[in-house]
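Read the structure below first, then the notes.
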Amino acid sequence: MATDIGINRSSLTKGDTSAPGDTRTAADDLDPGVLAGLDALDIPTAQSRPLAGRAWAAAWPKIGALVVFLLVWQLVVWSGWKPTYVLPGPVSALREFGSRLGTGHFWDALVRTIVRALKGYALAVVIGGVVGLAVARFTVLRTAIGSFITSLQTMPSVVWFPLAILLFKLSESAILFVVILGAAPSIANGVIYGVDYVPPLLVRVGRSMGARGFSLYRYVVAPAALPSVLAGLKQGWAFSWRSLMAGELLVIVPGHPSIGADLQNSRELLDAVGVMASMITIFFIGVVVDAAFNAADRQLRARRGLVAEGNSAVRAAQRGRSRNTAAPGSAEATAAGYPPAGPGAIGHDGGGANGGGEAGQS
Amino acid sequence: MTAVLPDTALRIDGVSRFFGTGAAQVQALDNVSLDVRSGEFLCLLGASGCGKSTLLGLIAGLDAPSTGTVDTAGRRTGMMFQDSALLPWLTAGGNVEVPLRLRGIRRAERRARVDELLSMVRLAGMADRRPHELSGGMRQRVSLARAFAQEADILCMDEPFGALDAMTRDLLHDELERIWRQTGVTVIFVTHDVREAVRLGDRIVLLSSRPGRVAEVFDVDIDRPRRIDSTQVAELATRVTTRLREEVGRHGH
Ligand SMILES: Nc1ncnc2c1ncn2[C@@H]1O[C@H](COP(=O)(O)OP(=O)(O)OP(=O)(O)O)[C@@H](O)[C@H]1O
Ligand SMILES: [Mg+2]
């Protein structure tokens with residue numbers, strides 16, 4: 001390795017000295033191939049598995065967990081802990097869920113719930129975003145309401161309902177009010193942390209390129225803050241969804257079917273199968289939204305080179321552990337963890353990290 | 001204050017810079033005065049912590065002096081930072097494009113400029129790579145292309161090649177020298193590698209430490225192209241190193 005570089009090096013400098021009277025710069029004599037050769041050594045080789053394989057790798061642990069959950073549920077039912085009219089089994093619950101899919105009422109309720117969620121969440125994003133930006137920007141505001149936002153965030157949203165009902169009666173506005181209050185503080189905090197933790201070096205970079213004020217936010221601060229903002233958005237969604245479910249149980253607007261209202265209805269009618277079917281619906285919506293946020297987050301990290309490296313670091317740590325647990329110097333120790341088993345072990349930022357990274361990902 | 005001569009790109013006049021207040025106050029720079037000719041390649045040399053980065057920040061307008069003036073007579077400054085400092089959410093091409101977007105250049109023209117700049121640093125075809133997919137040397141070259149995209153009249157470079165292996169660094173010296181000749185830009189190049197300073201500079205300004213003052217100015221009368229391992233470079237480097245040792249030694253006890 002060292003001798004290779006030595007040879008290249010001398011051929012390079014020879015190129016410079018062979019034309020002493022020449023007015024050309026050293027770079028004109030430079031063989032671009034040398035630089036290209038160095039570059040070729042440096043570029044990580046991209047490796048990616050086929051889409052189907054990745055989808056399966058992401059899906060099977062989830063399917064497995066679901067099967068185990070349904071099995072445990074069924075076992076509890078079979079154990080006779082509660083009569084089936086109180087705790088129905090998964091089969092009847094799923095059958096009820098399936099039959100509901102064919103009714104117009106179910107879709108009315110689903111659409112109303114989703115519209116409420118989106119409306120409340122969208123308003124929370126706007127309000128939380130504006131407040132977050134303002135607090136991050138102005139010190140006075142930060143001193144005034146910075147910690148107030150965090151205490152608001154930790155307040156269980158149900159406690160707002162008595163006030164909301166007094167203010168707005170049993171109406172859509174009461175639900176909206178609480179959904180916004182539930183989600184906005186998390187979103188605001190995501191924005192505040194995001195802006196606070198923008199690396200000062202990147203701000204200097206932006207300023208050195210002539211970015212000021214709005215353009216600095218547009219080109220540097222906003223993209224740098226995005227991961228934290230996304231985390232805030234995700235948490236904000238969780239809070240708004242919880243607030244909405246609490247709201248739909250408590251604030252039943254006559255003539256406005258919703259998933260929460262159905263759930264409450266089933267409980268009042270002692271319809272345990274109906275309760276389960278509603279909860280399956282709520283669970284599914286949660287799973288879908290979570291998957292969407294995770295996909296966005298993963299894409300963000302992949303674009304910034306955070307996925308493969310993170311995984312390779314985790315795997316390196318695991319390798320270290322397996323090496324420590326085997327008897328030092330034994331044949332097993334060598335076979336199990338040392339020398340490194342895959343290409344991922346070689347490069348700290350090399351191609352192996354990309355290649356193996358996805359295998360450990362789910 | 002005297003007027004800036006037409007061929008003077010930059011005049012630093014009696015500049016001091018303090019950080020902090022009261023007992024914890026640090027003086028980074030003390031009464032630094034310096035004229036830089038237009039098109040000159042000036043190297044700033046000094047021990048770690050002597051105020052080189054602070055001085056560059058003042059020149060690039062990222063910071064203001066406590067006393068004294070930095071006059072660039074309306075010339076545009078650009079900056080290349082230590083460890084590339086690329087924006088990690090953009091591709092190599094995207095990074096080079098930012099200064100062009102900030103100057104309001106139209107899309108079609110931007111595309112052409114980005115391609116041109118990337119081939120100038122011999123990274124044609126790498127525009128769609130993300131920073132983490134590039135090696136340190138390649139990132140540094142993207143950073144170099146981005147610095148040139150600012151079309152600054154005065155380009156400040158803060159230990160740009162400090163973290164590179166010797167061979168890549170030599171190649172980048174050649175690249176930088178070639179681009180500097182092509183564009184006629186004024187370069188202020190910070191380093192603590194004496195040979196690098198002699199290899200590249202028209203003049204070398206040696207700063208003393210704590211607080212930073214101009215200790216000595218060396219003219220480099222060695223014909224270009226230079227080689228970092230030539231005897232002339234080695235000779236001057238030895239002289240500069242001796243002087244640098246004296247400066248550092250004054251703080252040794
Ligand atoms: N923002 C700051 N706050 C307080 N002190 C600072 C600040 N910036 C720089 N200093 C101090 O000023 C002095 C000069 O710092 P500077 O970064 O300019 O050194 P340098 O010559 O660039 O060093 P190096 O070669 O290690 O990069 C140091 O003593 C440093 O501690
Ligand atoms: Mg520095």
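Letters go in sequence order (proteins before strands), and every chain restarts at 1. Reckoned from all heavy atoms, side chains included, excluding hydrogens, waters and symmetry mates.
- A perpendicular orientation is assigned to the rings of A:Tyr121 and A:Phe293, their planes being inclined by more than 60° (bins at 30° and 60°).
- A search for side chain to side chain donor-acceptor pair (under 3.5 Å) contacts involving A:Asn294 returns A:Lys234, A:Asp290, not counting sequence neighbours.
- The aromatic rings of B:Phe189 and B:His173 sit perpendicular to each other, their planes meeting at more than 60°, with 30° as the lower class boundary.
- Below 4.5 Å, heavy atoms of chain B meet heavy atoms from A:Pro223, A:Ala224, all part of residues 222-232 of chain A.
- Annotation: A:Arg137, atom CZ; neighbour count of heavy atoms from other residues, nucleotides and ligands within 6.0 Å does not exceed 12.
- Across B:Thr91, B:Val98, B:Leu176, the residue that shares the most heavy-atom pairs under 4.5 angstrom with chain A is B:Val98.
- For the pair A:Trp56 and A:Arg54, the minimum side-chain heavy-atom distance is 4.5 Å or more.
- For chain A, no part of B:Ala60 is nearby; none of its heavy atoms comes within less than 4.5 Å.
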Side-chain donor-acceptor pairs of residues 184-192 of chain A under 3.5 Å, sequence neighbours excluded:
from, atom 1, to, atom 2, distance (Å)
A:Ser186, OG, A:Gln153, NE2, 3.3
A:Ser186, OG, A:Gln235, OE1, 3.4
A:Asn189, ND2, A:Gln153, OE1, 2.6

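- With a 4.5 angstrom heavy-atom cutoff, B:Leu86 touches chain A only via backbone atoms.
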Kindly list each side-chain donor-acceptor pair under 3.5 angstrom involving residues 199-208 of chain A, sequence neighbours excluded, with atom names and distances?
from, atom 1, to, atom 2, distance (Å)
A:Arg207, NH2, B:Leu62, O, 2.7
A:Ser208, OG, A:Val205, O, 2.8

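- Put simply, of B:Met80, B:Arg103, B:Gln150, B:Met79, the one with the most heavy-atom pairs under 4.5 Å next to chain A is B:Gln150.
- Heavy atoms of other residues, nucleotides or ligands lying less than 6.0 angstrom from CZ of A:Arg212 number more than 12.
- Residue contact with chain A, scored on non-hydrogen atoms closer than 4.5 Å, is absent for B:Arg76.
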